[in-house]
Structure formats: structure tokens, C-alpha cells
Protein chains: 2
Amino acid sequence: MSSEKSCVVRHFRYYHPLSDEDIKLLARLEDSATPVRAGTVLWEERDEAHEFCTLKHGWAFSYRELENGTRQILEIYLPGDIIGLREFAFSQRLAGVQMIEDGEVCFFPHRNLVDIFRQSFTLTSILFAIASRQQVLLTERLVNLARRNARQKLAHFILEMFQRLRQTEANGSDSLRLPLSQEILADLLGLSPVHVSRTFTALNDDGLVFRERYQVKIPDLEALKQEAGFDDRYVIENMRPLFDDKES
Amino acid sequence: MSSEKSCVVRHFRYYHPLSDEDIKLLARLEDSATPVRAGTVLWEERDEAHEFCTLKHGWAFSYRELENGTRQILEIYLPGDIIGLREFAFSQRLAGVQMIEDGEVCFFPHRNLVDIFRQSFTLTSILFAIASRQQVLLTERLVNLARRNARQKLAHFILEMFQRLRQTEANGSDSLRLPLSQEILADLLGLSPVHVSRTFTALNDDGLVFRERYQVKIPDLEALKQEAGFDDRYVIENMRPLFDDKES
DNA sequence: CGCTGTATTGACATGCCTCAACAAGTGTGG
DNA sequence: CCACACTTGTTGAGGCATGTCAATACAGCG
């Protein structure tokens, strides 16, 4: 089993058991990992799009740059995530992608995904489920940006990351490493860096979030969820079985 | 050809030609249309989710209600759209759906979509493309909400609708029917209804958008795009062919 | 013809932004 | 191992876009 080695396989398994056949197909998505340094831009908006990539190590983010000089960060990618699914149907990149830390990525052509559609019903369903979930998370972020104040936005984002990290690195700790500068947080949450700083100290003063450097501690998870209006209905545990299990 | 009758088939054909086989499969998604009155709630958040539906006539929207009493509208659905794709992988509804006008909808079980995965590679690819595009639109909305001021938000939304309507009802006119109250617009754009009203009059004063009742006229499309920071890179014309055409 | 929901307008409040100065950490080369 | 530059975070003062509340106008509909 190459199962332990591949974070993509691990990722997919959350949704449904995989046959050896499927694992072999997936393995092709992780050919030839290439190391990348922090700050590297994997691609920019409007570049030609012929490939996806999977993230093996390190964090990355995707972003859009606006005509008014601001930048909106759309997505934080963690190890095991597939980057670029969004553009599946487009010939141009619609968002840039940049590495946050040193890491490793594996590029693979669009073609491979289409092959998966052709060859594996299970993987197709899982991919659809992943896309569906991604959209749900995106929706939640949209609500967060549109309807909440700075305090809630920040709290909510921290909780989202906490939950996503839990899913893969399940340790029962009450803290997480969040290697994001306040500028990045600002660009994520539609705030100014200055206000992110103020908001952090406010949350700190109220004993909801303690942070030093990139380490964030959540002393009272429930209190923070309350504050953020956080709702974990979209955690993976609430997802349904993808299909009645008649074939693998 | 049942092509002219079915708006779902028409919708799918934008992405790729369909075989008769595929059309038959799709037809099952449009069994038994049921009429629904304006204001009808098709389902609410947290309802059990066993089915999708396609919209045959009329407009609908999906929404989330927040703990703080506000509501965020996520999506406006037009005839031909599939409603509920978002929840494909979930067992609960994550958003409510309500009709804006009288219309007609067709429910069909999740099962049917899974059958499509099993039986038609072409339709699977198209569905993936639709999901991909939906996500791109959602992303654009997110940017709009996070980064733009009220003027731009409203202008941008009008342009998005203008473009979507063009795609199906291609008439060269410079105006569109937008049967949305200012309260709905406010809930879409993360503004207060009061401010929507002010923004409309501001756009009117500047000669960018003329509106009376639900009829909206755009005298200078380019000027409005400029104002809104609107970017049509994600129009359907920029989408790539889904696969090398070896089978239907 | 009045009733009910929808839109407009004004006065005032406020959350977040901007600018600017300063502090604290981080890395680099001598 | 220190000195310096650079990046990142903190704090304060003042401004502005948008929100809230409330009163009025308007439109569609029975």
C-alpha cells in the first residue's frame, strides 16, 4: 500500500474506500514531486491552464488581484489538496497561486482528470464530492465576508482552519500553527492589516484567542464558535455516503 | 428533438454536443414539472437532502440565514439552472431556496445524477464543467462582496445578470428585466436596503444605470464595466473544450 | 379608495480605513 | 556575534462609507 505515503490518497479515502485500481489511477496525480520555495508563484492570473497540481508539503494560497490595487485571497491550500480544480473548465487561470512556506507540489495535466472520469466511477464521485464540499466552504466564506464584523470574521476563519487541520492531523490539542502574516489575513478577510492587529488584541483581551507568532491557542472552543457564529454542519462527518455500495 | 422544449438540454449544449442517448438521460431530470408560486420555499436550511431540482420557469434564489438575524442570498437561479448541486455530497440542505416569481420546477433524486456518472462520460464532464463554472461565479461574487464599494457591487451584479441573461435569451437590447426588490438586492450584496436605494440614484445621476420598476437600462455598457471593475474572462466563451473529441 | 409592501430621503452613529510614527522581531554580511 | 536593514506588528488620530432609525412618498391590489 502506498496509502501512507500519498496525502492525496489519504484525502480521497475520507470520502470513500478505494480499490487498488483507483489507487493506481490516483498515484498518477502525484508523479514527480518538485520542491518549491516560500513565496514562489506557481502561476498567475490569466496564464494558460493545462494542468492541476497537488500539494504534498507546505501551505499555499490562491488570490485575485483587483483593478483598485487590492488583493483578495480566495483559498488556503493544505497538504493533500488539489490546486486548480476551479479552472477545470477554463483555458485561463482565474486566480494566481503562491506558496506560503517551502513545500513540494506535483503537476499533472487536465487530461489525467478526464481519464479518471472515463475509468473510475468511484473516483469521479469523490471528485464531485470534493468539488461540492469546496463550494460549500467557499459559500461559508462568502457569508463570512458579507455579513460579519471583523471580530467574527477572524474568529470564524481561525475556526475553519482549526477544523480543516484537525481533519488531517488529528491531535487533540487546543492550539494550531497558523503561519499567516496579518497582511495575508487581511487580504483573506477583506480587512486592513491594521485592523487585523487590533482585532487580535481585542480577541486576546476577551480571552477568546491567544496568539504568539504563528501559534494560536483557543482556550474555549465553544465560546469562540459562539462568538463567530460558527456552524460545523459542513464538516466532513455530515457528508453522506456517495452512493449505494454495489461496486467498489 | 426535444431540444427546444428542454431548457436543461439547451443549457448543457452550451458546453458540448449531446448524443441522443445523453439527451434521453437528461430528460429524466425533467420529469414531472410542478408549478410553484412566487414566495414558495422549495426547502429550508437543514432539511434532509435527497433530491435536486431543475428550474423550468421563473426565478429563484438560495439563501443562508445568520444567527444575527440577517440573511445572505447566495445565488440567483434562472430557468435551465440545476438547483442543489452544491449539496451533492451532503445529507442536509445547507441553504434554503425560495421562488422569486411564479414558476415551474422538476425534482429528481440524487440517484439520477449518480446514474449519469455511471452511464455518460460526456454528461459527467459537462456536469463537472458546470460545477466548475458555478464555483468561478461564486468566487467572483466573493471578491465583489469583499473588495468593492456599494457602487461597484451593484454595478457588478447588474452586469453579471445581464451577461447570464444574454447567454440564454440572446437579444441585442441594452436593458434587462431584473425582478428583484431592493431588499433582495441588499441581501445579495451585503448592504442595507436604504443604501441600495441611494446607490441606484447615484448610478442614475451619473448616467450609468437607468431603472424604473424592474426594468434596468444600461446606456453605456463599457462605462459600466469600467466602473464595476467587471471582467468577463469567465464568460462561457472563455471556457475550453471539455475533452478531445474521440467519443460523443 | 384605502391597505400593504416597497422605495426615497434626512439626520445621526459607527466600524473600519488611512496615514503615520514607532516597536519588535528576523535575516544577512562583516 | 554584532550591526544594520527589512519585514511585520502595534498604537493613535482623524475621516468616510455605510448602517440605523424614522418619517414620508409611492405603487399595486383588493
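Below, read A as the first sequence line, B as the second, and so on, with proteins coming before strands; counting in each chain starts at 1.
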May I ask you to establish whether A:Arg211 and A:Phe200 are in a cation-pi arrangement, using a distance under 6.0 Å from NZ or CZ to the six-membered ring centre and at most 45° from the ring axis? yes
Show the numbers, then the answer: is there a side chain to side chain donor-acceptor pair (under 3.5 Å) between B:Arg147 and A:Gln72? CA-CA 7 Å; B:Arg147 293 284 155 195; A:Gln72 177 63 33; 2.8 Å; yes
With five pairs defining each end axis, the helix from C:dC1-D:dG30 to C:dG30-D:dC1 comes out bent, to 10°, by 40°
Quick one about A:Ser132 and B:Arg86 (side-chain donor to acceptor, distance below 3.5 Å, no hydrogens or angles considered), yes or no? no
Would you mind building the protein contact string for nucleotides 14-20 of chain C? One character per nucleotide, 5' to 3', B for base within reach (heavy atoms under 4.0 Å), S for sugar-phosphate only, - for untouched. --SSBB-
Determine whether the aromatic ring centres of residues B:Phe108 and B:Phe52 are separated by less than 6.0 angstrom. yes
Is there a side-chain contact between A:Ser197 and the phosphate of D:dT10, meaning an N or O under 4.0 Å from OP1 or OP2? yes
Do any N or O atoms of the protein come closer than 3.5 Å to N or O atoms of nucleotides 25-30 of chain D, and which pairs are they?
none

Between A:Gln182 and D:dT10, is there a side-chain N or O to OP1/OP2 distance below 4.0 Å? yes
Would you please indicate yes or no on a ring centroid separation below 6.0 angstrom for B:Phe61 and B:Tyr63? yes
Sidechain-backbone polar pair: B:Asp187 side chain, B:Ile184 backbone, donor-acceptor under 3.5 Å: no
Is B:Arg211 near enough to C:dT6 that one of its side-chain N or O atoms lies under 4.0 angstrom from OP1 or OP2? no
